[in-house]
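In this text, all values refer to a predicted model and were calculated from it rather than measured experimentally.
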Amino acid sequence: MKFLNHRYVGLSSLLLVLYLSSNVNAQIGEQDDASRVNAQTGETERDLPDETPTVLDTVESQLEQQQPVEGEEEEEAAVPPITERAWIYSFEDTSISSEMIEFDGIKSFIVVYKEPDPNEVGNAEDIIAATDFAVQSAVIRNGGSVSQEFTTVFNGVAADLTMEGLNALLEQDGIAFIEEDTPVFISTTWGQDRIDQPNRPGDGRYIWKRNKNAGQGVNVAIIDTGIRTVFRQANVAREQKHMDLVGGYDVFSQSTTPSAWNDCHSHGTHVAGTVGSIEYGVAPGARIWAVRVLGCNGGGTSSTVVGGINWVVQQKRSLGGKWVMNLSLGGGFSTAQNNAVNAARNEGIIVVVAAGNNGNSNNPLACNYSPASAALAITVGSTTSTDARSSFSNIGSCLDIFAPGSSVLSLSLTGTAGTPGTSTKSGTSMASPHVAGAAALFFQISNTANAAETALFNAAVSGRVTSAGSQSPNRLVQVPLTLQTCPQSQTVRLTLKTDPWSVDDNYYTIIRDGASSPAMSAPLGYFVNRVQPYVEEACLPNGQYTFTIYDLWGDGLEQGGFFELRVGGSVIFSSANVPNVWTVATRRFTIGTTVPPPSPTRAPTKAPTKAPTKAPTPFPTKAPTKAPTKAPTPAPTSPTSTISCTPGEIDFEFRLVTDDYSFQDNGYRLQRQGTAGALFNRAVGSLPSGRGRTLTERRCLGQGTYTLTVQDEWRDGLCCMYGIGLYEVRFNGVRQAAYSSPTGSNTAVQLNWGPTVTHTFTISPPPSNCPSGTSGTPVKVVMRSDAYSVEDNHFFIRDLTTTAIVYRRLKGTYNGPSGTVYEDTTCLPPGNYRFRFYDDPWSPELTDGLCCTAGDGYFQLYVNGVLQTGVQHSWSGPPAPFPTATFNSVIYDFTIS
């Protein structure tokens, strides 16, 4: 959509580009474009000798003192005087002397790897892996660290580097460029009434206001400061929600937990409200995703922005469907940011970005900022209520469209979910979500992102914006006035009435034959409302499809829950076609041909012998009068088959639920140490194909030490973009180790692992009698020392009722040589207890556990002969949910009954 013309200054061995970027962190309240900020003197371009880098751009980001727009009240916008330089090192020649680049301390950089030449000998993934290994080794060896890894929009890392580390990387092969990680801040709308009619004055109405069908089926990711989690509104009917907030991700903690992506600034909530809130949104029916890349002060860096884009692309690949991405932020020019935006667009995601708020400076061109200058982004400038360009809005050929951005009312951090507060903000940050919402509406009635973008630009009205600025396109966004363009034969509608546990159990996919991602889907955790109907509808192109619905814990939809799939208005599959208890239900169907679809694949247990004689039970006329009488059922403690173990043995159970690629990725094996052969062994390649297949192994295990090995050849775990898989280990029905997706409950989380995870455990007989002076249930602590256990390690067991310490080993008593095994046993009466094991190194940063260079140590806690927790042979990987190899202390609460 736009072409960038940048000047370059050549060096004989290095192309060094210096951009001087200014970052806006505007805190604008109710006022318009003519905001006043204290002037800041920016650096000016200098003439330098040929052998030194040249300052290409000097940016003064402050908004000048302006006169108020007639009829509008004015307010100050405070812009901090932040100026940063972004360096891009391009690898024309890697013979660079260390004198060329000098700085003190640590600086943050983005390192982008070269894409392998397809004509070169060797596997592309192996080449990338070799580059990554060399880069990360050089970073760590020279006193730096890697903060993020990028594998989707491009291959590379974000790293904190010393001068020595940077110069070491400049000598590496396989690197495309290194860019200094620069700050990114909010570039800080009213406009529903303006965007549904070509001319002023407005009629005071918005055609899609409070319409939950407007934007339905389209995902919009808000890459910003997060979104206020209260708008997720569990157990509120979708039609009554202020926003269809599905989930989110926090780049800083790399967590999908709602508390992590909660908005602590207000900017992201305001932007999300303009996109998809029921009262202030352009597309009230869109699915909203919060992607937090800016902190509580509104600031982030290029790498956090790239990390957010990277995560959204992964979600698109995993969940499929239609996606729009809004970035109401900006900073200095960043090749990494622009590359990430362009890569996301090439994945079929419409990317909408703010043009920036430097219109009152001497550098108002959007082409000088990122992501505004990204070639495949839709870059949005701001207008006032009189259709004049907001004076703060950037201009130029990199703009694509204008939208309302001055004095825009939307959601704030005040009020409650039922009665949310509002605020008025101004900026291109407020204009961009108007276009993102419009894009969602056009995408809803289009089959491709390209078709939606074309429709968006064709619908825009021309010649309305006054003072648009040199080379700026004079286009003002307009929304579609009808969404009824899908032939009935192509309409696919899923109705699912949840049971009390659907948030942890249920998800679905509809995948077109030959497609790499679903045409429709809902992730695990989406069905957050208990005992409520959800309706998912989309217009799908002709083709053959597979519908699959999952129930992770294998108990089906209980307490009146059901599903119903309609294609072209007719019911083709429903709960009436499957048994009451099921894990996976699937049905093939065809759109656009008279050839009847194949018979449905049968559910895991026998399907009914004939069609039901009546339709499924309709929705209840009112919500249940009271909560369910039982708590959500976790994974069953045992399969339907039972085994009887002799005294002294444990009932061992291993369960694995497959993801899309388990048939070629995963294997598992249980071996008793000191014996030949395996108790069970499923080699990689022997597992059945298909997502959601449950495999269970169950054995009675006697005394001895055992090793369970779980394999994942591609090192990505059973997770996320390839389906929600899991595995767990249980002793006598009690979970000992588990892996699941971030949205699972009561399980440990480990997103990426492989090629193996090893769990080693010992089954010991209970003592024949208790130590003198004790009685009750035997409790044993086994510890193998490392070289520093005498000064590091100690433990206690505390009675949680009386708070008294009932058993302990003091520091200094583990005084034997490294590798000494200690066993301490006591017997305790019934009660609730807390076990705490310490590793107290001499320096706080060396919380090193029983590990590594200090020796191969471990500890284990047994209650009545059953292993409860521990760190075991840390070099081979501790089993989840046990702690990592490095720790300061480990706490484990247990009950003796």
Student: Side chains of R389 and N474: donor-acceptor distance under 3.5 Å anywhere?
Tutor: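 Not at all, the side chains of R389 and N474 share no donor-acceptor pair under 3.5 Å.
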Student: Quick one: does W208's side chain have a donor or acceptor within less than 3.5 Å of a partner on P480's backbone?
Tutor: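 Between the backbone of P480 and the side chain of W208 there is a qualifying donor-acceptor contact (under 3.5 Å).
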Student: Would I278 and F231 count as a side-chain contact (heavy atoms from CB on, under 4.5 Å) if you check the C-alpha gap in whole Å, the side-chain angles of each, and the deciding distance to 0.1 Å?
Tutor: CA-CA 11 Å; I278 195 170; F231 293 117; over 6 Å; no
Student: Hey, could you give me the CH2/CZ distance between W261 and R292, rounded to the nearest 0.5 Å?
Tutor: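 It is 12.0 Å, given to the nearest 0.5 Å.
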Student: Taking all non-hydrogen atoms of both residues into account, name the closest pair between R475 and D400 and its distance.
Tutor: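 In terms of heavy atoms, the two residues are closest at NH2-O, 2.7 Å.
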Student: Determine whether a donor-acceptor pair (N or O, by modelled atom type, separation under 3.5 Å) exists between the side chain of N358 and the backbone of N363.
Tutor: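 Pair absent, no side-chain N/O of N358 close to backbone of N363.
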Student: Indicate whether any N or O donor in one side chain lies under 3.5 Å from an N or O acceptor in the other, for E180 and S108.
Tutor: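 No pair is found: no donor N or O on one side chain lies under 3.5 Å from an acceptor on the other.
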Student: With side-chain contact (heavy atoms from CB on, under 4.5 Å) as the criterion, how do V293 and D224 come out once you've worked through the C-alpha distance, each side chain's angles and the decisive distance to 0.1 Å?
Tutor: CA-CA 6 Å; V293 303; D224 213 288; 6.0 Å; no
Student: Quick one: which of V246, V275, V282 gives a side-chain contact (heavy atoms from CB on, under 4.5 Å) with V220?
Tutor: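 Looking at V246, V275, V282, the match for V220 under the side-chain contact (heavy atoms from CB on, under 4.5 Å) is V275.
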Student: To check you understand the geometry: which heavy-atom pair defines the closest contact between V306 and A336, and what is its length?
Tutor: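 Heavy atoms only, the tightest pair is CG2-O, 3.9 Å.
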Student: With a 4.5 Å heavy-atom cut-off, do S393 and F402 have their side chains touching?
Tutor: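 Heavy-atom side-chain distance check passes, below 4.5 Å.
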Student: Taking C-beta and beyond as the side chain, do S397 and C367 meet within less than 4.5 Å on heavy atoms?
Tutor: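 Side-chain contact under 4.5 Å: yes.
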Student: Between the main-chain N or O of A176 and the side-chain N or O of K114, is there a donor-acceptor pair closer than 3.5 Å?
Tutor: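 Here the side-chain-to-backbone pair does not exist.
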Student: Compare all side-chain heavy atoms of N450 with those of R345 and state whether any distance is below 4.5 angstrom.
Tutor: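 Yes - at least one pair of side-chain heavy atoms lies under 4.5 Å apart.
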Student: Rounded to the nearest 0.5 Å, what's the gap from CG on N357 to OG1 on T428? Could you check?
Tutor: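 Rounded to the nearest 0.5 Å, the CG-OG1 separation comes to 4.0 Å.
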Student: Do we see a donor-acceptor contact under 3.5 Å between the side chains of N199 and R464?
Tutor: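 The criterion, which ignores hydrogens and geometry beyond distance, is satisfied for R464 and N199.
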Student: With distance as the sole test, does Q197 use its side chain to make a donor-acceptor pair with the main-chain N or O of D193 at under 3.5 Å?
Tutor: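 Indeed, once roles are kept as given, a pair shorter than 3.5 Å links the two residues.
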Student: Hey, could you give me the CD/OG1 distance between Q148 and T301, rounded to the nearest 0.5 Å?
Tutor: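 The distance works out to 7.0 Å.
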Student: Looking at every non-hydrogen atom in both residues, tell me the closest pair between I350 and A439 and how far apart they are.
Tutor: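 That would be CG2-CB, 4.1 Å.
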Student: If you measure only the distance, is there a donor-acceptor pair under 3.5 Å linking the side chains of S266 and K425?
Tutor: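 Yes, because at least one side-chain N or O of S266 sits under 3.5 Å from a partner of the opposite role on K425.
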Student: In this structure, which one of V380, I195, V353 forms a side-chain contact (heavy atoms from CB on, under 4.5 Å) with V435?
Tutor: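 Exactly one candidate clears the test, V380.
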Student: Looking at OG1 of T422 and OH of Y280, how far apart are the two atoms once the value is rounded to the nearest 0.5 Å?
Tutor: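 Nearest 0.5 Å value for the OG1-OH distance: 5.0 Å.
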Student: Might you point out which heavy atoms bring I395 and G469 nearest each other, and give the distance in Å?
Tutor: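 Where I395 meets G469 most closely, the heavy atoms are CG2-CA, 4.0 Å.
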Student: Q444 side chain to G215 main-chain N or O, any donor-acceptor pair under 3.5 Å?
Tutor: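 Answer holds: yes.
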Student: Tell me yes or no: between the side chains of N338 and T335, is some donor less than 3.5 Å from an acceptor?
Tutor: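 T335 and N338 do not have a side-chain donor-acceptor pair below 3.5 Å.
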Student: Determine whether N155 and F150 satisfy the following criterion, side-chain contact (heavy atoms from CB on, under 4.5 Å), listing intermediate values before the conclusion.
Tutor: CA-CA 5 Å; N155 291 296; F150 308 126; over 6 Å; no
Student: Where do E347 and R317 come nearest, in terms of heavy atoms and distance?
Tutor: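 The pair with the smallest heavy-atom distance is OE2-NH2, 2.6 Å.
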Student: To the nearest 0.5 Å, what is the distance between CG (L411) and OG1 (T274)?
Tutor: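 If we round to the nearest 0.5 Å, L411:CG and T274:OG1 are 8.0 Å apart.
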Student: Side chains of V324 and V218: closer than 4.5 Å at any heavy-atom pair?
Tutor: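 Yes. Closest side-chain heavy atoms under 4.5 Å.
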Student: Any side-chain heavy atom of F392 sitting closer than 4.5 Å to one from S406?
Tutor: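 A side-chain contact exists here, since the closest heavy-atom pair is under 4.5 Å.
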Student: Go through the side-chain N and O atoms of S390 and S382 and say whether any donor and acceptor fall under 3.5 Å apart.
Tutor: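 Yes, side-chain donor-acceptor contact under 3.5 Å.
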Student: Can you name the residues that form a side-chain hydrogen bond (donor to acceptor under 3.5 Å, both in side chains) with N326, not counting sequence neighbours?
Tutor: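 Testing N326 for side-chain hydrogen bond (donor to acceptor under 3.5 Å, both in side chains), a comparison that skips the adjacent residues, returns S328, S432.
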Student: Is the side chain of N458 donor-acceptor paired with the backbone N or O of T454 at a distance under 3.5 Å, no angle test?
Tutor: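 The answer is yes, because a donor-acceptor pair under 3.5 Å joins these two groups.
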Student: Is there side-chain contact between S302 and E179, with heavy atoms separated by less than 4.5 Å?
Tutor: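 In contact.
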Student: Name all residues meeting the side-chain hydrogen bond (donor to acceptor under 3.5 Å, both in side chains) criterion together with Y206; count only those two or more places apart in sequence or in a different chain, and write none if there are none.
Tutor: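 Scan of Y206 (side-chain hydrogen bond (donor to acceptor under 3.5 Å, both in side chains), adjacent residues dropped) gives none.
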Student: Should T383 and L476 count as side-chain neighbours, where that means a heavy-atom distance under 4.5 Å?
Tutor: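 The answer is yes, as the side chains (C-beta and beyond) meet within the 4.5 Å cut-off.
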Student: For the residue pair T466 and D387, confirm or rule out a side-chain donor-acceptor distance under 3.5 Å.
Tutor: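 Side-chain D/A pair, T466 to D387: absent.
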Student: Between N342 and L376 (side chain of the first, backbone of the second, donor and acceptor by atom type, cut-off under 3.5 Å), is there such a pair?
Tutor: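 Answer holds: yes.
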Student: Closest heavy-atom contact between F442 and A459?
Tutor: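 Nearest heavy atoms, F442 then A459: CZ-CB, 3.5 Å.
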Student: Hey, does L161 have a side-chain heavy atom less than 4.5 Å from the side chain of I106?
Tutor: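 No, their side chains stay 4.5 Å or more apart.
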Student: Give a yes or no answer on whether the side chain of R228 reaches the backbone of T414 with a donor-acceptor pair at less than 3.5 Å.
Tutor: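 Indeed, once roles are kept as given, a pair shorter than 3.5 Å links the two residues.
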Student: Side chain of N310, backbone of T152: donor and acceptor closer than 3.5 Å?
Tutor: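 Indeed, once roles are kept as given, a pair shorter than 3.5 Å links the two residues.
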Student: Going by salt bridge (charged side-chain N to carboxylate O under 4.0 Å, His left out), name the residues that satisfy it together with R287, two or more places apart in sequence or in a different chain.
Tutor: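 Scan of R287 (salt bridge (charged side-chain N to carboxylate O under 4.0 Å, His left out), adjacent residues dropped) gives E536.
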Student: Using modelled atom types and a 3.5 Å cut-off, is there a donor and acceptor pairing between side-chain atoms of H270 and backbone atoms of S423?
Tutor: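 Such a contact is found between H270 side chain and S423 backbone.
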Student: Could you tell me how the ring of Y249 sits relative to the ring of W311: parallel (under 30°), tilted (30 to 60°) or perpendicular (over 60°)?
Tutor: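 It falls in the parallel class, under 30°.
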Student: Take F443 and T448 through the test side-chain contact (heavy atoms from CB on, under 4.5 Å) and record every step on the way to the result.
Tutor: CA-CA 7 Å; F443 211 168; T448 67; 5.5 Å; no
Student: Looking at OG1 of T225 and CG of N297, how far apart are the two atoms once the value is rounded to the nearest 0.5 Å?
Tutor: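 One finds 10.5 Å between OG1 of T225 and CG of N297.
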